[in-house]
Structures are given as structure tokens and as C-alpha cells.
2 protein chains.
Amino acid sequence: MKKSTKVHIIEESLSLFSQRGFDAVSVKEIADAVGIKAPSIYKHFKSKQDIFNAILEESNSRYALQTASLSLDGLNPQMDAGLFETITDDHMVEMGESLFNHFLHDEFTSKIRKLLTIEQFKNQELANLYVIQYMESPLQYQRMIFELLIKKGLMRSGDPEIMAMQFFSPIFMLLVLCDANPHKETEALEKLKRHITQFNKLYRN
Amino acid sequence: MKKSTKVHIIEESLSLFSQRGFDAVSVKEIADAVGIKAPSIYKHFKSKQDIFNAILEESNSRYALQTASLSLDGLNPQMDAGLFETITDDHMVEMGESLFNHFLHDEFTSKIRKLLTIEQFKNQELANLYVIQYMESPLQYQRMIFELLIKKGLMRSGDPEIMAMQFFSPIFMLLVLCDANPHKETEALEKLKRHITQFNKLYRN
DNA sequence: GTCTATAGACGGATAGAC
DNA sequence: GTCTATCCGTCTATAGAC
């Protein structure tokens with residue numbers, strides 16, 4: 001089953017919009033990328049803005065799926081935190097690296113993040129999507145994990161909100177760095193490891 | 001001495017570009033903001049792109065001035081770190097807050113950051129400017145301060161590069177957050193204080 | 001659902017009067 | 001150094017044939 005032209009248009013539009021922004025990309029360019037003529041686009045979408053809206057809808061539905069799978073019965077951090085009952089540094093590093101790699105290399109996530117980075121100041125809805133998906137939601141997740149680890153006596157007691165921020169914000173900054181300059185990924189990953197190892201020394205029992 | 005039309009054009013262009021991006025802003029809009037007709041713009045700049053370049057030049061020269069004043073004889077972190085010889089939490093919080101407030105409220109810095117945030121993916125030069133001015137340069141400065149504080153025995157010895165990242169990345173993330181949603185500034189400042197207080201407990205002697 | 005042709009608006013930029 | 005008038009290209013979008 002080959003993918004529909006409509007899906008194809010969404011994919012190519014996302015690629016183009018995420019690199020140069022909505023305004024800099026013309027309907028003709030999208031059509032060229034898809035391999036059709038510009039007016040044919042309008043058989044699938046009523047306007048260029050409509051394509052953008054479809055991208056956002058796709059993003060929202062993927063985000064909803066993802067958070068649903070993360071918190072099956074309320075919290076899955078319990079599952080994740082369970083992994084750490086017996087173990088130390090390496091698994092914390094793994095948690096950070098997998099978060100980093102997902103955000104950086106998942107094609108859709110990565111392109112949507114760039115798109116929202118570029119378009120965030122155009123309206124508050126876009127800004128909120130960016131903030132929720134790439135800051136508040138990971139912070140909240142990380143915080144729940146630390147709350148559990150503290151309860152189990154595996155981490156020193158402290159302010160879990162601040163701990164989550166101190167754990168996650170370097171990941172966030174290195175992501176922004178790698179989005180701007182992909183050549184720095186190796187360097188970023190190495191710093192990420194050192195950060196988490198150090199974080200562990202500071203906070204784990 | 002009233003400011004020249006040329007400077008006025010640069011200022012209004014920066015304001016518009018930083019909100020909606022280069023491509024979404026027309027020369028007519030810039031002219032309207034300045035209070036002249038669109039063709040008059042071309043007596044001061046040979047193209048719209050030329051206005052953008054002038055903004056970047058202004059940014060670079062301000063950045064050069066700023067870093068020159070920071071490291072008068074090589075390092076001013078010595079001066080800054082000098083402030084911390086006798087004192088503790090409050091002054092660290094002050095250092096973080098002043099960094100945060102400068103970045104967030106200095107009108108030019110704030111607009112340039114938004115502009116580079118929006119335009120960074122269009123070419124590598126813009127991406128590098130963003131990375132250097134808002135990540136690498138503050139990290140380097142902070143690292144020098146921590147190296148000095150460690151040498152003086154005021155902080156526990158450790159990896160100053162990672163310490164700088166752990167100190168600064170929450171500031172960076174909260175800046176990105178406030179750029180996207182200015183209503184969260186109070187909340188951000190409060191978290192910043194808790195972060196620095198906590199950071200101090202972890203790292204200071 | 002694709003195409004060609006084209007409408008209609010708007011973009012950046014220039015010419016030339018004052 | 002500002003204006004009016006205007007050129008010309010490109011843009012989004014529609015009409016209508018196949």
C-alpha cells in the first residue's frame with residue numbers, strides 16, 4: 001500500500017517548513033518536492049495554511065498517543081523507575097541518552113521541534129505547543145521519576161521539581177545546540193554523559 | 001540630536017523581523033513603522049536583505065563591545081569571582097538573576113535572540129551566532145568563574161565545564177520558556193532562585 | 001486527481017519629479 | 001531624501017479540460 005498523495009504533501013511540507021519556515025516556502029516548492037504541479041495541491045488541501053494545520057493535527061495526535069503509552073494507568077514513571085531499583089550510573093546515563101536520542105533523531109519529532117522553534121512567535125498556540133512538548137512535559141515526567149526514587153530511598157531527598165530541571169535542562173540545551181549545529185552531536189553526547197554521571201554523584205544514595 | 005532615519009529603519013526592522021521573521025515582513029510594513037513610504041527605504045539600504053545584514057553587523061559590534069568590557073585584561077571573571085570570596089548563596093543567586101535579566105530584558109539582546117531563534121536554520125552563519133552568543137560564550141564565562149572558585153577552595157573540585165553547564169542550562173531553558181511565554185517570567189525567576197540555592201548546596205564548600 | 005491557463009493580489013525594487 | 005508612479009516577478013488560488 002503506497003502512501004497517499006495527501007500524506008506525501010504533509011511530509012514534504014513539514015520538511016520544507018521546518019527548514020525555512022512557513023512564509024519562505026511556496027506551494028510550488030511543495031508541489032515540486034511531491035512531484036506534482038502546484039494547482040494539484042488544492043485538490044487535497046483548500047489552502048497553504050490548511051497544510052500547516054494538518055501538520056499540527058498530526059503532531060497533536062502523535063503526541064497524544066505517545067503520552068498515552070507513557071502513562072497507561074496514571075504513571076509509567078513507576079515502570080521506568082522500577083528499572084533503577086538495583087542499579088546505578090549506567091542506567092541513568094541510558095535514560096538521559098535515550099531521551100536525547102529520541103528527541104534528536106526521531107524524524108517527525110525533530111522536524112516538528114524545528115518548525116515550532118521557527119514559528120513559535122507567530123501565535124501563542126504554537127508557543128504553547130513548543131513549551132509543553134519540549135519543556136514542561138519532559139520535566140513533569142522526570143520529576144515523577146525522581147519523586148519515586150526519593151520515596152524508595154534511592155536518591156537524596158530534595159526538591160524534585162528542581163532536580164528534574166537540573167537533570168533535564170542540559171539535555172534541552174544540548175538539543176538546541178545540535179539542532180543549530182549537527183556537527184556538535186558527538187561533543188554533546190559526551191558532555192551529556194559527564195553531566196549525568198556528575199548528577200548521579202550529587203544526588204544518588 | 002534626533003536619530004537618523006537609517007537607525008530608525010534598523011530598529012523597526014529588528015522589531016518586526018524578531019516577531020514574524022524576515023520573509024513574513026514586507027518593506028512596506030517596515031516603511032509604515034518608520035513613517036515613510038516604501039521606496040524611500042531604498043535611499044538608505046540597497047535591498048531588504050541589506051537591512052538584515054545591517055542588523056547583524058550591529059549585533060556583532062555590540063557583542064564585541066560587550067565581550068571586550070567583560071575581559072579587560074584577559075579575564076574579568078577574576079573580578080566577578082572576587083565578589084564571592086567572603087560570601088555565599090545570595091551572591092550566587094544574584095549572579096544568575098542578573099545574567100537572566102540581562103538576556104531577557106535588554107531590548108536589543110532579547111530581540112536579536114528571537115531573530116536568531118527564528119532564522120537560525122536558514123544558514124550556518126546565523127546558527128553559529130546563536131550558539132556562540134547564547135550558549136557557548138556564557139558557558140565559557142561561567143566555567144572560568146568556577147575554575148577560579150575551585151582554585152580558591154570555595155567550591156568543591158570537579159569538572160568545571162560540566163558545572164558551568166549545570167549552572168547555566170536551567171537559565172538558558174527558562175529564557176527560552178519566557179521568550180515563548182512571557183507570562184511565566186515570575187514562575188521562572190522563582191525556579192531560578194531555587195535552582196541556584198540548590199546548586200550552591202551541592203557544590204560549595 | 002492531474003494537468004494548463006490564468007486571475008488577482010502583493011512582493012521587491014527602480015525612475016524620476018520635487 | 002522624500003514622494004508618486006510603475007515595472008515585473010512571484011505568490012496563492014481558481015477555472016476548466018482531460
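Letters A, B, ... mirror the listed sequences (proteins, then strands); counts begin at 1.
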Counting just side-chain N and O atoms, does A/Ser40 come under 4.0 Å of either OP1 or OP2 of C/dG1? no
Phosphate oxygens OP1/OP2 of D/dT2: is one of them under 4.0 Å from a side-chain N or O of B/Thr5? yes
Nucleotide [N], atom [atom2] - distance to [atom1] of [X] in whole Å:
| X | N | atom1 | atom2 | value |
| --- | --- | --- | --- | --- |
| A/Asp50 | D/dT14 | CG | P | 11 Å |
| B/His44 | D/dC3 | NE2 | C1' | 12 Å |
| B/Lys6 | D/dG1 | NZ | P | 9 Å |
| A/Ile41 | C/dC3 | CD1 | C1' | 13 Å |
| A/Asp32 | D/dT10 | CG | P | 13 Å |

Strictly distance-based, threshold 3.5 Å: is any side-chain N or O of A/His195 a donor or acceptor partner for the main-chain N or O of B/Met165? no
Taking only residues two or more places apart in sequence or in another chain, which ones pass side-chain contact (heavy atoms from CB on, under 4.5 Å) with A/Glu136? A/Val131, A/Ile132, B/Leu177, B/Lys184
Please say which of B/Tyr63, B/Phe172, B/Phe103 ends up in a ring-ring contact (aromatic ring centres under 6.0 Å, His included) with B/Tyr134. B/Phe103
Scan nucleotides 11-18 of chain C nucleotide by nucleotide, 5' to 3', and note B when protein non-hydrogen atoms come under 4.0 Å of the base, S if they reach only the sugar-phosphate, - if neither. SSBB----
Is it the case that atom CG in B/Asp90 sees more than 12 heavy atoms from other parts of the structure closer than 6.0 Å? no
Evaluate whether atom CD of A/Gln49 has more than 12 neighbouring non-hydrogen atoms of other residues, nucleotides or ligands under 6.0 angstrom away. yes
Answer yes or no: is there an ion pair linking A/Lys122 with A/Glu119, defined by an N-O contact shorter than 4.0 Å? yes
Decide whether a cation-pi geometry holds between B/Arg113 and B/Tyr130; the criteria are a distance under 6.0 Å from NZ or CZ to the six-membered ring centre and an angle within 45° of the ring axis. no
With rounding to the nearest 0.5 Å, note down the distance linking OG in B/Ser13 to NE2 in B/His8. 9.5 Å
Check each residue of residues 7-14 of chain A for a non-hydrogen atom within less than 4.0 Å of any atom in DNA chain D, then write out the ones that pass by number, or none. none
